[in-house]
Engineer: 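Quick one: the structure is below, and I'll ask about it shortly.
Quick note on labels: first sequence line is chain A, next is B, and so on, each numbered from 1.
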Amino acid sequence: MNFAFNEEQRSLGETVGQLLSDFPALTAPDLSREQDDDAWNALAELGLFSLLVPEENDGVGLSLVDVALSVEALGAGLASPLVASTLIATELVKRFGTDAQKDALFGPLATGELKVAIAYTERGKGTDPEKLACAISGGCLSGTKIAVAGADAADRLLVVARNNDQASLAFVETGAAGVTVRQQDDLDPSAALCEVAFDGVEIAADALLGGGASDAPVNALLDLAATVYSGLTIGIANRMLETTVEYAKTREQFGKAIGSFQSIKHRCADMAVLVEAGRATSYFAFWNCAEDSAERAQTASAAKAYCADIARDACNEAIQIHGGMGFTWEMALHRYLRRAKVLESAFGNPAWHYRRVHAEAVAGREADATACRDAA
Amino acid sequence: MNFAFNEEQRSLGETVGQLLSDFPALTAPDLSREQDDDAWNALAELGLFSLLVPEENDGVGLSLVDVALSVEALGAGLASPLVASTLIATELVKRFGTDAQKDALFGPLATGELKVAIAYTERGKGTDPEKLACAISGGCLSGTKIAVAGADAADRLLVVARNNDQASLAFVETGAAGVTVRQQDDLDPSAALCEVAFDGVEIAADALLGGGASDAPVNALLDLAATVYSGLTIGIANRMLETTVEYAKTREQFGKAIGSFQSIKHRCADMAVLVEAGRATSYFAFWNCAEDSAERAQTASAAKAYCADIARDACNEAIQIHGGMGFTWEMALHRYLRRAKVLESAFGNPAWHYRRVHAEAVAGREADATACRDAA
Amino acid sequence: MDFNYTPEENAFRMDLRKWLADALPKGWGETVFEPEEEEARYLFRRDWDRKLASGGWTGINWPVEYGGRGATLVERAIFAEEMARARAPESLNIIGQNLAGPTILHFGTEAQKKRFLPKIISSEEIWAQGFSEPNAGSDLASVRTRAERKGDKFIVNGQKIWTSFAQYSQWCFALVRTDPDAPKHKGISFLLIDMNSPGVSIRPLRQISGESEFNETFFDDVEVPAENLVGDLNDGWRIAMTTLAYERGPEDCLARQIRFKRELDSLIDVAGAMPMDDGVVSDDPGVQEDLGRAIVEIDAMRLVALRSFSRFLNGEERGPDASIIKLYWSHAAQRMNEKAIDILGAPGLLTGEDPEAVARGSFGMSYLQSKAFTIYSGSSEIQRNIIGERLLGLPR
Amino acid sequence: MDFNYTPEENAFRMDLRKWLADALPKGWGETVFEPEEEEARYLFRRDWDRKLASGGWTGINWPVEYGGRGATLVERAIFAEEMARARAPESLNIIGQNLAGPTILHFGTEAQKKRFLPKIISSEEIWAQGFSEPNAGSDLASVRTRAERKGDKFIVNGQKIWTSFAQYSQWCFALVRTDPDAPKHKGISFLLIDMNSPGVSIRPLRQISGESEFNETFFDDVEVPAENLVGDLNDGWRIAMTTLAYERGPEDCLARQIRFKRELDSLIDVAGAMPMDDGVVSDDPGVQEDLGRAIVEIDAMRLVALRSFSRFLNGEERGPDASIIKLYWSHAAQRMNEKAIDILGAPGLLTGEDPEAVARGSFGMSYLQSKAFTIYSGSSEIQRNIIGERLLGLPR
């Protein structure tokens with residue numbers, strides 16, 4: 001049992017963080033995407049996209065745990081969510097892809113040539129994959145997804161859709177006939193949330209991840225996305241903590257650094273506690289996801305909900321403690337606030353995930369009870 | 001429009017508060033009921049129980065608003081909830097009683113001879129009166145109520161029960177055949193919550209308040225109880241604020257009064273803000289209840305939920321700010337904590353009442369819209 | 001305690017209601033809205049202010065001799081209610097009406113009252129507030145902007161920040177240091193400054209919402225006539241305290257409550273109509289509970305302000321209890337604006353530019369704007385200090 | 001990062017699990033429980049401690065030479081997990097095992113280690129903590145209890161408060177003032193005091209739960225042999241800081257988490273079985289959400305402690321991050337205990353004496369006990385100061 005990252009894992013996370021800081025537009029006050037491509041290319045050059053690709057497919061063969069701190073750095077650096085979604089897609093191909101899919105996809109994924117956006121959310125639908133309306137019928141996909149981060153820059157979409165009454169994952173080219181991508185105008189334009197309409201888009205049999213025989217890929221997607229998004233949001237929370245503590249040390253009012261006032265000091269302390277609790281929860285989800293443990297769903301939902309709550313509190317506190325500067329455009333704290341909000345509502349909001357944690361815990365207790373009875 | 005109490009209303013509230021302070025057992029560390037009867041008799045002597053009785057029935061003919069501050073003082077002084085339930089019953093008789101009921105009840109009510117406990121809650125049932133199981137069938141009441149405050153000291157019970165598929169209020173003598181009263185052993189023994197079982201208790205036709213022809217009395221009971229309980233709980237909240245501020249002024253640590261530390265000062269300020277907001281909400285409910293306005297249900301539920309939340313926060317903060325002393329038995333803060341918790345769960349918890357506020361607001365908006373359409 | 005209204009008060013309400021029905025464009029608040037673009041919106045509001053003035057609906061409770069209506073505080077509250085009911089636009093001249101006017105009424109000379117009050121009422125002159133400075137935010141008394149007396153003029157040099165609506169303002173009231181050697185609270189004066197004076201320049205400060213309600217204002221050898229001093233020389237701190245009590249007072253709260261109540265009503269409607277799985281968003285009991293709590297808090301905001309009004313009616317002085325009002329409304333509104341986004345999910349994040357936007361994207365914009373509520377007009381930390389020390393009597 | 005266990009660790013777990021199955025009474029935690037009555041309960045726990053000791057399950061990670069098991073911190077964490085799984089009783093000698101022991105291990109002389117550690121391990125000697133005084137609660141360094149050196153003895157006079165379990169204790173470690181003229185942090189020493197010494201008297205302090213876990217302890221010319229001084233004379237403050245880091249550290253948190261997790265599991269079961277209208281209590285999505293959040297927080301409590309363990313494993317020193325652990329568990333547990341009462345409603349308020357009590361009335365009792373969590377072992381205010389100043393580097 002060791003709940004600490006090793007030197008390589010830490011160093012990788014730091015490298016990703018440093019790399020992103022070379023692209024100031026990512027966190028600049030203005031909501032620009034002008035350095036997104038450059039940052040992507042630099043991350044690709046670093047090899048980020050090859051990390052999760054298995055060695056037998058010429059990748060580095062690392063696990064989710066190995067990239068947890070890198071994901072956190074992607075969050076803190078406000079990298080495009082397309083980076084995260086491509087990593088999630090890579091992990092899914094590794095777990096569920098047919099040999100043909102692996103052969104076709106790992107090459108361009110590893111080099112960063114292939115950008116994958118994930119199409120999950122639908123208007124008027126909750127998070128339960130069973131209730132989504134997009135469906136493949138007669139080999140054609142129809143329906144509309146919203147809040148697809150980075151769809152306009154993506155090469156391919158990984159779409160959650162019903163197929164033969166089975167929740168499936170389909171790979172769809174963004175340029176395919178019948179696909180319409182429109183960037184939404186929303187709170188965080190830099191996250192590039194898009195509406196994607198599918199109008200009778202042909203889905204070849206080999207476009208279904210793993211052949212579409214079970215709903216395991218969709219369930220894994222939900223847990224992977226929840227886990228990775230918890231990493232992104234706790235990265236934001238920690239960045240807000242650091243920024244705020246730094247400001248509280250230097251900004252003076254009434255002849256003293258404001259960090260000497262208990263009203264500020266104690267709230268920074270509370271933020272630090274929450275960031276630590278959120279990190280522990282997020283990292284544990286990464287481990288359970290990597291191990292595909294029985295607790296994967298519960299720990300992923302726990303991390304998604306809790307880290308989103310913590311990021312929200314941290315952004316709010318950061319703005320408040322910065323005082324008048326906090327709500328200026330120039331201070332750019334709004335960038336983190338906006339991004340945190342967008343991440344919070346993706347792949348299920350905290351209320352949904354907390355309820356899922358409860359449901360999973362109840363199921364777990366029932367399984368334990370059955371096991372005990374069987375043993376007796 | 002005047003949102004202030006007049007001199008008589010204030011003076012009445014102060015008198016009740018002073019009177020209760022003559023009975024130290026009410027707020028002493030030990031959970032005793034030894035001065036309950038003496039306090040009751042002193043309140044009766046003061047004339048408290050005649051205030052809501054109409055002048056034509058030889059009462060003082062005051063309204064609920066006139067006694068709002070007195071109710072708050074009953075809360076702050078930890079008077080037996082039986083005092084409040086008797087006042088609620090008096091108001092209900094005034095509103096719904098047949099002439100015969102008024103003649104029979106107002107006399108002993110006004111003098112304080114008749115103590116009335118209200119039997120509402122049932123095990124395994126929520127707050128919606130439609131869903132309660134106690135029922136009158138063939139003129140006999142059967143079923144079990146719980147958390148009936150003061151039933152063991154009451155002369156009569158006002159019981160919410162179904163009668164011909166109609167939620168009704170029945171007066172039942174505590175000594176009647178088939179009634180079994182058992183004091184529960186719970187968090188606040190001084191509130192004397194009782195379990196009351198009815199086993200085929202005969203209910204004469206004139207025992208149904210107002211004849212039992214409509215569910216208006218039950219709905220009024222719910223709103224009256226919610227309003228009066230909001231007064232009791234905000235009284236507790238304000239007492240906790242006062243006690244805590246006083247302590248913060250005198251207790252020294254690190255060579256200073258602890259109230260000079262922002263961590264304490266700011267939380268006292270937040271408590272003061274909440275107490276003011278709770279009072280405004282509670283008083284407004286008293287007015288709407290007194291006027292029987294269209295907003296009676298919404299404002300009553302608003303007050304019940306909000307003041308319970310505020311009392312909870314105030315009790316918790318009081319204990320925390322008192323530090324080690326806060327969790328000693330001797331400091332007696334636990335008396336307020338225990339009482340607030342019992343009051344919070346009676347007649348619907350905050351979650352239920354907040355949802356009711358929403359439902360009432362939606363209904364109100366629909367009514368407004370209809371009125372606008374009709375006017376057009 | 002009585003929330004019933006007198007026949008006179010009811011007549012006032014009906015007059016206003018009738019006037020508003022005529023004055024607002026047809027379909028107002030349903031199909032017709034304020035301009036989206038920021039400057040156009042502010043100019044729209046200024047025109048609305050002037051229309052209100054032409055109907056005699058500004059300076060409601062100011063003395064008739066200075067152009068006011070001479071109405072009661074209750075009528076002022078009714079005014080707020082009816083403006084809410086009609087979803088009337090906000091005022092652009094809040095600073096003039098709520099801060100400059102009352103301060104001049106309290107402390108101004110007769111000449112100052114005659115000169116300034118009528119033009120606030122008519123909205124010919126918009127006002128800005130010049131209190132904060134880059135290094136004197138919460139620590140307001142450490143102002144460095146200096147005013148030196150030269151003959152019958154003051155020469156003002158320095159910089160103010162968070163001067164709201166300075167770009168639309170003709171006048172600014174400012175705290176200036178007139179005695180650099182006195183203790184910091186004792187060397188401050190209260191000056192009225194013509195924004196068209198040579199040497200005044202402004203730079204807009206963009207907020208996180210993308211708007212520029214606030215500015216930095218620079219004073220470079222600006223000449224201010226000595227008669228524009230309000231109160232005594234070096235007595236500005238005391239006067240500022242009164243201004244702040246008005247800034248945080250019930251009139252301001254009631255005017256804001258209009259907006260929050262409208263937003264909340266809209267949220268209730270949207271959540272009751274927006275499909276979610278097999279029903280609508282507000283079928284979720286958790287959402288119902290959140291909405292219920294928000295309703296309670298937004299209503300309490302009004303009630304707390306009305307309680308304060310009644311205290312004034314009963315002859316009590318304005319004082320630090322204004323901080324209770326400010327602290328309450330700012331946090332309650334912020335919670336409601338955050339809940340709105342949470343309840344609506346991804347669609348609630350769309351801005352007014354998006355064809356699928358909910359309620360013209362107003363929830364996202366209000367959410368961003370709300371982050372400033374607990375900072376401007378004295379941060380929550382400052383309000384808690386005031387409540388703790390001046391209202392509860394806790395030691396400094 | 002790896003939560004998998006080595007074969008040795010798994011063997012340790014299996015050994016313990018097997019031992020516990022034999023050691024605990026049949027039906028333990030289902031039909032057989034701890035005595036309700038306070039003193040009987042504490043004596044039961046003392047006996048349990050001794051049983052654990054007889055099986056070699058105390059002093060898990062203490063050196064073998066003093067009677068410990070010499071196990072790793074990971075095994076210590078496994079121990080906590082298995083105790084939770086078996087719903088084993090809490091220990092009465094927490095102070096001895098978690099505070100006195102580690103402090104003596106760190107700073108004690110060889111003679112002190114040999115004299116005291118084995119008897120802590122065997123639970124022959126229970127320990128109490130003598131840090132707080134009536135006028136030195138949060139301000140721990142202002143201790144007034146004096147110890148004057150006379151020959152080979154110290155003569156101790158003064159009063160301690162919040163000495164937990166003093167009535168069951170044979171020993172107490174105390175902070176005493178040995179140099180009244182030195183600055184307040186520099187004149188304090190750390191003494192081990194035999195509670196049977198003449199001049200020691202105790203008075204129980206009743207808590208709001210009705211229990212008397214804590215006491216006031218009075219020292220009236222109590223003689224303490226000079227060899228019972230831990231560390232150097234007047235160096236007690238530094239030693240106390242280490243004791244506090246243990247008091248607030250991960251071992252303590254893990255031991256407590258056992259209890260909270262068990263309570264939460266019970267709450268989940270009860271809410272899933274208690275009828276409510278046409279279903280059960282936890283059919284309510286609001287309740288599901290509250291329970292979900294509580295599960296996350298109680299789990300995080302364990303994870304935060306394990307993170308800290310791993311830092312120690314990697315060679316980091318114990319330090320102010322212990323305050324994070326304490327602040328977190330105390331508030332998270334308090335929230336869970338409050339939610340339990342809220343979710344269960346009126347039946348949740350029944351005590352164990354009531355025939356209809358839910359879960360033997362444990363929720364009400366835990367609720368009351370939880371109010372002390374954020375006050376003892378250093379109040380939340382003190383923990384926030386420590387985190388702010390020593391961990392984040394904010395100025396004093």
Engineer: Any side-chain donor paired with an acceptor under 3.5 Å for B:Asp185 and D:Thr351?
Structural biologist: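 Yes, D:Thr351 and B:Asp185 have a side-chain donor paired with an acceptor closer than 3.5 Å.
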Engineer: Which heavy atom of D:Lys184 sits nearest to which heavy atom of B:Phe254, and what is that distance?
Structural biologist: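 Smallest interatomic distance, heavy atoms only, reads NZ-CD2, 4.3 Å.
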Engineer: Output the option from D:Met365, D:Glu338, D:Met274 having the highest count of non-hydrogen pairs under 4.5 Å with chain B.
Structural biologist: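 When all of D:Met365, D:Glu338, D:Met274 are compared, D:Glu338 has the most.
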Engineer: Look up atom CG in B:Leu187 and atom CG in D:Leu368, then write down how far apart they are to the nearest 0.5 Å.
Structural biologist: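 Spacing of CG (B:Leu187) from CG (D:Leu368) equals 5.0 Å.
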Engineer: Could you grab the distance from atom CZ of B:Phe261 to atom CG of D:Asn385, nearest 0.5 Å is fine?
Structural biologist: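 If I round to the nearest 0.5 Å, the distance is 8.5 Å.
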Engineer: Does any backbone or side-chain atom of D:Asp284 lie under 4.5 Å from a heavy atom of chain B? Answer side chain, backbone, both or neither.
Structural biologist: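 For D:Asp284, the side chain is the part near chain B, not the backbone.
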Engineer: Where does B:Thr328 contact chain D at under 4.5 Å (heavy atoms): side chain, backbone, both or neither?
Structural biologist: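 Contact with chain D is through both the backbone and side chain of B:Thr328.
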Engineer: What are the residues of residues 310-323 of chain B, in order of number, with any heavy atom under 4.5 angstrom from a heavy atom of chain D?
Structural biologist: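 The list, in residue order, reads B:Arg312, B:Asn316, B:Ile319, B:Gln320, B:Gly323.
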Engineer: Taking all heavy atoms of B:Gly326 and all of D:Ile208, pick out the closest pair and write down the distance.
Structural biologist: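 Heavy-atom minimum between the residues: O-CG2, 3.8 Å.
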Engineer: Report the option among D:Met276, D:Glu353, D:Glu211, D:Gln369 that has the most heavy-atom pairs separated by less than 4.5 Å from atoms of chain B.
Structural biologist: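 That would be D:Met276.
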Engineer: Any idea which heavy atoms bring D:Ile375 and B:Gly324 closest together, and the distance?
Structural biologist: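 Smallest heavy-atom distance, with atoms named: CG2-N, 3.4 Å.
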Engineer: Any side-chain heavy atom of B:Val342 within less than 4.5 Å of one from D:Leu349?
Structural biologist: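 In contact.
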Engineer: Pick out which of D:Asp139, D:Leu140, D:Ile382 makes a side-chain contact (heavy atoms from CB on, under 4.5 Å) with B:Gln253.
Structural biologist: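 For B:Gln253, the side-chain contact (heavy atoms from CB on, under 4.5 Å) check succeeds only for D:Asp139.
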Engineer: Can you say whether D:Ser132 sits under 4.5 Å from chain B via the side chain, the backbone, both, or neither, judging by heavy atoms?
Structural biologist: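 Neither the backbone nor the side chain of D:Ser132 comes within 4.5 Å of chain B.
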Engineer: Rounded to the nearest 0.5 Å, how far does CG of D:Asp278 lie from NZ of B:Lys125?
Structural biologist: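 It comes to 6.5 Å.
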Engineer: Can you find a pair of side-chain heavy atoms, one from B:Phe327 and one from D:Thr374, that are under 4.5 Å apart?
Structural biologist: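 No, too far: nothing below the 4.5 Å cut-off.
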Engineer: For D:Glu356 and B:Glu195, what are the C-alpha separation, side-chain angles and deciding distance, and is it a side-chain contact (heavy atoms from CB on, under 4.5 Å)?
Structural biologist: CA-CA 10 Å; D:Glu356 297 285 341; B:Glu195 180 183 282; 3.6 Å; yes
Engineer: With respect to chain B, which residue among D:Ala346, D:Ala372, D:Gly364 yields the maximal number of heavy-atom pairs within a distance under 4.5 Å?
Structural biologist: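 Of the options given, most contacts go to D:Ala372.
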Engineer: Using non-hydrogen atoms only, which part of B:Ala147 is less than 4.5 Å away from chain D: side chain, backbone, both, or neither?
Structural biologist: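 Answer is side chain: those atoms of B:Ala147 sit under 4.5 Å from chain D.
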Engineer: If every non-hydrogen atom of D:Asp277 is compared with every non-hydrogen atom of B:Gly126, which pair is closest and at what distance?
Structural biologist: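 Smallest interatomic distance, heavy atoms only, reads OD1-N, 2.9 Å.
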Engineer: For the residue pair B:Trp329 and D:Leu205, establish whether any side-chain heavy-atom pair is separated by less than 4.5 Å.
Structural biologist: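 The answer is no; the side chains never approach within 4.5 Å.
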Engineer: Taking the side chain as every heavy atom from C-beta outward, state whether D:Ile341 and B:Glu344 have any atom pair closer than 4.5 Å.
Structural biologist: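 A side-chain contact under 4.5 Å is absent here.
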Engineer: Taking C-beta and beyond as the side chain, do B:His334 and D:Arg206 meet within less than 4.5 Å on heavy atoms?
Structural biologist: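 No, their side chains stay 4.5 Å or more apart.
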Engineer: Please state whether the side chain, the backbone, both or neither of D:Ser142 comes within less than 4.5 Å of a heavy atom of chain B.
Structural biologist: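 Neither part.
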Engineer: Identify the heavy atoms of D:Trp162 and B:Met325 that sit nearest to each other, and give their distance.
Structural biologist: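 Smallest interatomic distance, heavy atoms only, reads CZ2-N, 3.8 Å.
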Engineer: Looking at B:Gln183, B:Arg182, B:Gln184, which hits side chain to side chain donor-acceptor pair (under 3.5 Å) with D:Asp354?
Structural biologist: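 Running side chain to side chain donor-acceptor pair (under 3.5 Å) over B:Gln183, B:Arg182, B:Gln184 with D:Asp354 returns exactly one hit, B:Arg182.
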